[in-house]
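By convention in this document, chain letters (A, B, ...) are assigned in the order of the sequence lines, proteins followed by strands, and residues within each chain are numbered from 1.
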Protein chains: 2
Amino acid sequence: MATCSCEVKACVLCEDRLYAGLSKDQICQLREHLIRELYEPREALFREGDPATYLFALRHGQLKLTSSMPDGRQQILRIAVAGQLLGIETFKGRTYPFTAEALTDVVACKISHDDLRNIIEANPAISLRVIETLSHELDQAESLIRDLGLKTAPEKVSSFLLSLVPLGGDPNGDLPLRLSRREIAEMLGLTEETVSRVMADFVRRKLIESGRGFIRILDRKRLEEINGIDVNTTGSPPRAVSAKR
Amino acid sequence: MATCSCEVKACVLCEDRLYAGLSKDQICQLREHLIRELYEPREALFREGDPATYLFALRHGQLKLTSSMPDGRQQILRIAVAGQLLGIETFKGRTYPFTAEALTDVVACKISHDDLRNIIEANPAISLRVIETLSHELDQAESLIRDLGLKTAPEKVSSFLLSLVPLGGDPNGDLPLRLSRREIAEMLGLTEETVSRVMADFVRRKLIESGRGFIRILDRKRLEEINGIDVNTTGSPPRAVSAKR
DNA sequence: TCGGACTATTGATCAATATCAATATTCTGC
DNA sequence: GCAGAATATTGATATTGATCAATAGTCCGA
């Protein structure tokens, strides 16, 4: 068997514990199919409509997945973080349904659908991890559907801010994601200006602090009240209320 | 090994071809863990916030998955059709993040997370089918995010109508789904009245026909133009345009 | 076949948020 | 440190779709 140059680090397809139970040959076989790639901020891994051949596992950094209307309106479907998969939507599809663009420096492993299929068939432990990852992503997506479908602008922004907390950093520390106002707007189905106004209002009410390139949550409890329902969908019961209009 | 009473029919966990390659014992083992259940229209399989123990595979009928805000605002996250899984979002979660309610008479198989885990680990063919199903559901969810985030009311309704076509029936026949105006509104993040107005307008413009309990598409092409982008996300390239406001 | 309840349609008005526009701030390359 | 560009803030106004309300159609049981 060929030697392996692929590093073993945290990512759904690469994580150490996945190798438990696999033979040395199997491990090498898996590593052989993974192609490790680097991307710079603003660089696209692939674009909406491109023929879909590879699936990507994000090993380091953050991505935004976006879809556009022909007139330029753009929607962020998801922010992907290390450990997540992208492009698996096309497991049976022909073209990528979204553009994947690096927000930070990014390390990703790519693997062809065919290879993935073979590996899954041979390695139940890996397929279990893939299923766990996918189900979490589906949960996230449904959470965004909730936000987009039935929340007001302040509720959306508060939901967005709270959803960033688990992405890293202590609850009262700086949030670990640097999106522009425009990008936040594109995620929440709002305009830049509305996001700016809502955030200004939150600052005025001392719910958050916001300087150049950072946001800090000052009053998590009141943000949660504004949000209306819990951010972590699989969690504690609902809280306080505010009507849509 | 115990005898099997579970019927073998179309559903992700039950489908015939899954059994190809499995030993008789394995097949029996799988069937043993599946619990077949029947539901009537309006009956709930489970409710948002219930402790999540089972995963469901929908074998026959249609379901709506909804999430509510404490003040009663409700969002339909997804319409599930035969072959789809539900509750897998909670593979690692503790409570169901949505309510699953039958729209028609429903047959579903349920299986505990633990059993599913064991079966997946033992049967790569099944995990492959689960992954395919999940990735399709993720694709659907992202498509709804697009609709909710960047479309106008007429665009949303046209997208909704077009998305029903592949669910069955020929392109110019009656649509196979009977949702009330209220339910369509809850799916698209609109109100009953707005849906009604848009549909009335579509009828006036001879794009659709709509009688008691049925909708028929008369002019697919113009509906697609209104929709702006394609319904089938993994499909042909974009078409004509209309701006959001 | 009637009566009540639910669902859909239609109209008038309102309000949240988009749009348009101007200014301020921050970032970048030189 | 400066000039230009990009990003963010703030204000004035417009517009989509919500809300409130009344009417009409449909379904269902008695």
Side-chain angles (χ1 to χ4, degrees), chain A residues 40-42 64 69 71-76 103 147-161 177-205 208-215 226 228 242-245, chain B residues 40-42 64 69 71-75 103 147-161 175 177-205 208-215 226 228 242-245:
Chain A
E40 292 176 359
R42 299 180 161 273
K64 64 171 177 179
M69 303 260 305
D71 62 353
R73 281 175 283 170
Q74 195 168 78
Q75 174 70 34
I76 296 184
L103 290 171
D147 285 358
L148 289 170
L150 44 77
K151 289 188 176 178
T152 63
E155 287 170 345
K156 284 176 175 178
V157 173
S158 115
S159 173
F160 168 78
L161 292 172
L177 184 57
R178 263 192 76 184
L179 292 181
S180 69
R181 295 290 185 268
R182 162 168 291 283
E183 286 170 318
I184 296 172
E186 282 170 355
M187 178 131 196
L188 299 176
L190 299 171
T191 57
E192 223 174 322
E193 294 95 323
T194 300
V195 172
S196 196
R197 277 184 249 269
V198 171
M199 300 257 285
D201 183 55
F202 282 3
V203 170
R204 241 172 276 127
R205 294 159 66 187
I208 61 173
E209 231 175 357
S210 144
R212 51 202 165 292
F214 81 94
I215 299 171
I226 290 169
S242 79
K244 184 157 192 184
R245 287 204 174 168
Chain B
E40 292 176 0
R42 299 178 161 276
K64 65 171 178 179
M69 303 260 305
D71 62 353
R73 280 175 282 171
Q74 195 168 77
Q75 175 69 34
L103 291 171
D147 286 358
L148 290 169
L150 45 76
K151 289 188 177 177
T152 63
E155 287 169 345
K156 284 176 175 179
V157 173
S158 113
S159 173
F160 169 78
L161 293 173
L175 296 179
L177 184 58
R178 263 191 78 183
L179 294 180
S180 70
R181 295 291 184 267
R182 163 169 292 282
E183 284 169 319
I184 296 173
E186 281 170 356
M187 178 131 195
L188 299 176
L190 299 171
T191 57
E192 223 173 322
E193 294 95 323
T194 299
V195 171
S196 197
R197 277 184 249 270
V198 171
M199 301 257 285
D201 183 55
F202 283 2
V203 170
R204 241 172 276 125
R205 293 160 65 187
I208 61 173
E209 233 175 357
S210 145
R212 50 204 164 291
F214 82 94
I215 300 171
I226 290 170
S242 77
K244 184 155 192 185
R245 287 201 175 167

Interatomic distance, [X] [atom1] vs [N] [atom2] [rounded to whole Å]:
{"X": "A:M199", "N": "D:dT9", "atom1": "CE", "atom2": "P", "value": "7 Å"}
{"X": "A:E186", "N": "D:dT7", "atom1": "CD", "atom2": "P", "value": "11 Å"}
{"X": "B:E183", "N": "C:dT7", "atom1": "CD", "atom2": "C1'", "value": "11 Å"}
{"X": "B:I184", "N": "C:dA8", "atom1": "CD1", "atom2": "P", "value": "8 Å"}
{"X": "B:L179", "N": "C:dC6", "atom1": "CG", "atom2": "C1'", "value": "17 Å"}
{"X": "B:L150", "N": "C:dT19", "atom1": "CG", "atom2": "P", "value": "12 Å"}
{"X": "B:L188", "N": "D:dT16", "atom1": "CG", "atom2": "C1'", "value": "16 Å"}
{"X": "B:K151", "N": "D:dG17", "atom1": "NZ", "atom2": "C1'", "value": "18 Å"}

Rounded to 10°, the helix from C:dT1-D:dA30 to C:dC30-D:dG1 deviates from straight, judged by its five-pair end axes, by 60°

Over all atoms of both residues, closest heavy-atom pair of [X] and [Y]:
{"X": "A:R181", "Y": "A:S210", "value": "NH2-OG, 3.6 Å"}
{"X": "A:A185", "Y": "A:E192", "value": "CB-N, 3.5 Å"}
{"X": "A:E155", "Y": "A:L150", "value": "OE1-O, 4.1 Å"}

Report the nucleotide, chosen from [options], that has the shortest atom-to-atom distance to any side-chain atom of [X].
{"X": "B:T194", "options": "D:dG17, D:dT7, C:dT17", "value": "D:dG17"}
{"X": "B:A200", "options": "C:dT10, D:dG17, D:dT10", "value": "C:dT10"}
{"X": "B:P154", "options": "D:dG17, D:dA8, C:dT17", "value": "D:dG17"}
{"X": "B:T191", "options": "D:dA18, D:dT9, D:dT10", "value": "D:dA18"}
{"X": "A:S196", "options": "C:dT7, C:dT9, D:dT9", "value": "D:dT9"}

Given that B:R42 and B:R204 both sit by DNA chain C, which one's nearest nucleotide is further toward the 5' end? B:R42

Single hit among A:T152, A:I184, A:V157 for side-chain contact (heavy atoms from CB on, under 4.5 Å) with A:L190: A:V157

How would you summarise protein contacts on nucleotides 20-30 of chain C per nucleotide, using B for base, S for sugar-phosphate only and - for none, with heavy-atom distances below 4.0 Å? B------S---

Would B:K156 and B:V198 count as a side-chain contact (heavy atoms from CB on, under 4.5 Å) if you check the C-alpha gap in whole Å, the side-chain angles of each, and the deciding distance to 0.1 Å? CA-CA 10 Å; B:K156 284 176 175 179; B:V198 171; over 6 Å; no

A:E209 side-chain N/O to A:V203 backbone N/O, donor-acceptor pair under 3.5 Å: no

Output the distance between atom [atom1] ([X]) and atom [atom2] ([Y]), rounded to the nearest 0.5 Å.
{"X": "A:R182", "Y": "A:E186", "atom1": "CZ", "atom2": "CD", "result": "5.5 Å"}
{"X": "A:R73", "Y": "B:K151", "atom1": "CZ", "atom2": "NZ", "result": "8.5 Å"}
{"X": "A:K64", "Y": "A:I76", "atom1": "NZ", "atom2": "CD1", "result": "5.0 Å"}

Is there a side-chain polar atom (N or O) of B:R181 under 4.0 Å from OP1 or OP2 of C:dT9? yes

Considering residues at least two apart in sequence or located in another chain, which fulfil the side chain to side chain donor-acceptor pair (under 3.5 Å) criterion with A:S196? none

